[in-house]
Amino acid sequence: MSELPDPGWQVLPREFYRRHPAEVAPELLNKILVRSDGRAARIVEVEAYAGSEDPAAHSFRGPTTRTATMFGEAGHLYVYFTYGMHWGSNAVCGEVGQGYGVLLRAAEPLLGVELMRQARPRARRERDLASGPGKLSQAFGITGAFDGADLVGGDRGLWIACDGTPPPDAPVVGPRIGISRAVEFPWRWHVPGHLHVSVPPRRR
DNA sequence: ACGCCGATATGCT
DNA sequence: GCATATCGGCGTC
């Protein structure tokens with residue numbers, strides 16, 4: 001089931017994810033989220049959540065029904081629902097039982113842009129298609145049905161791959177967003193100066 | 001730049 | 001029961 005749109009792209013191996021999310025997260029920058037229907041986008045903003053070490057993580061208080069996937073094997077997708085309308089997508093990291101994850105916060109559309117526009121009819125500019133965790137999930141048609149998807153094996157037609165572009169040398173590190181606890185953990189990273197992040201660089 | 005509100009699953013008390 | 005949520009879109013200023 002290795003139907004990536006570009007044969008030169010390499011699916012990230014399981015070992016990539018089996019580490020601390022603060023280590024995995026910045027390395028996910030410039031990787032590519034791929035769907036088997038042709039949608040692909042470069043990941044430009046991420047946020048780490050570290051289980052019992054992290055009061056802001058869904059997994060902080062141990063496994064629940066909702067967070068079961070987060071406590072499972074690395075390299076799977078943890079999808080949650082919030083604010084009555086938005087879905088969020090995380091790559092599970094670390095070892096089984098740790099509840100580690102990296103939230104995919106923003107991406108730059110590369111392929112299948114028409115499908116993304118259909119999925120997000122209200123988005124005006126292309127940089128509004130996936131510049132936020134809810135937008136990114138919506139652009140890719142990711143809902144709860146994708147919770148537990150294997151990003152390595154591609155059992156649900158979703159992968160994270162590398163096209164050879166390295167992560168940025170000096171990613172921008174900053175406080176996390178949209179949470180009320182442990183905001184001060186500097187665990188949000190994005191590609192410097194990138195237009196497709198959730199907080200775009202100010203125009204000069 | 002800022003503020004408001006939508007609409008609901010989840011998990012604690 | 002109820003506060004809260006890993007937000008987004010639209011309005012106003």
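Each chain gets a letter, A, B and so on, in the order its sequence line appears, and its residues count up from 1.
Under the side-chain contact (heavy atoms from CB on, under 4.5 Å) criterion, A:R117 pairs with A:V113, A:E114, A:E126, A:L129, sequence neighbours left out. Listed by chain and number, the residues in a side-chain contact (heavy atoms from CB on, under 4.5 Å) with A:P55 are A:F60, A:R181, A:A182, A:F185 (sequence neighbours excluded).
In this structure, A:R176 satisfies the cation-pi test against A:Y49, with its NZ or CZ atom closer than 6.0 Å to the six-membered ring centre and inside 45 degrees of the ring normal. Both the sub-6.0 Å distance and the 45° axial angle are satisfied by A:R19 relative to the ring of A:F16.
Using a 4.0 Å heavy-atom cutoff across all strands shown, A:G134 reaches sugar-phosphate atoms only and no base atom. Nucleic acid contact class of A:R61 (heavy atoms, under 4.0 Å, all strands): sugar-phosphate only.
Residue A:Y80 contributes atom OH, which lies 14 Å from atom P of B:dT10 at whole-angstrom precision. Nucleotide C:dC7 holds its C1' atom 16 Å from the CD1 atom of A:I142, rounded to whole Å. Residue A:W87 contributes atom CH2, which lies 12 Å from atom C1' of B:dT10 at whole-angstrom precision. When the P atom of C:dG9 is taken as reference, atom CG of A:L129 falls 10 Å away, rounded to whole Å. The distance from atom CZ of A:F60 to atom P of C:dA5 is 14 Å, rounded to the nearest whole Å.
With 3.5 Å as the limit, one finds no donor-acceptor pair spanning the side chains of A:N30 and A:T165. In this structure, a donor-acceptor pair under 3.5 Å is absent between the side chains of A:T67 and A:S59.
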Between protein and nucleic acid, restricted to nucleotides 4-9 of chain B and to nitrogen or oxygen atoms under 3.5 Å apart, what atom pairs and distances do you find?
{"unit_1": "B:dA7", "atom_1": "N3", "unit_2": "A:Y83", "atom_2": "O", "d": "3.1"}

N/O to N/O distances under 3.5 Å, protein versus nucleotides 10-13 of chain C:
{"unit_1": "C:dC10", "atom_1": "OP1", "unit_2": "A:R122", "atom_2": "NH2", "d": "3.4"}

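For A:R120 and C:dG9, the shortest distance from a side-chain N or O to OP1 or OP2 is below 4.0 Å.
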Using the rule given for side-chain contact (heavy atoms from CB on, under 4.5 Å), can you reason through A:I32 versus A:I160, listing the C-alpha separation, both sets of side-chain angles and the distance that settles it, and then say yes or no? CA-CA 5 Å; A:I32 299 171; A:I160 296 178; over 6 Å; no

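Taking CG of A:L136 as the start and CE of A:M116 as the end, the distance is 8.5 Å to the nearest 0.5 Å.
A ring-centre distance under 6.0 Å is found for A:Y100 and A:H20.
For DNA chain C, if you chain together Watson-Crick or G-U pairs that step i with j, i+1 with j-1 and so on, the runs of at least three with distances under 3.5 Å are B:1-6 with C:7-12, B:8-12 with C:1-5.
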Would you give me the side-chain donor-acceptor pairs under 3.5 Å for residues 5-13 of chain A, sequence neighbours excluded?
{"unit_1": "A:D6", "atom_1": "OD1", "unit_2": "A:G8", "atom_2": "N", "d": "2.7"}

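Under the 4.0 Å criterion applied to side-chain N and carboxylate O atoms, A:E73 and A:R14 are assigned as salt-bridge partners.
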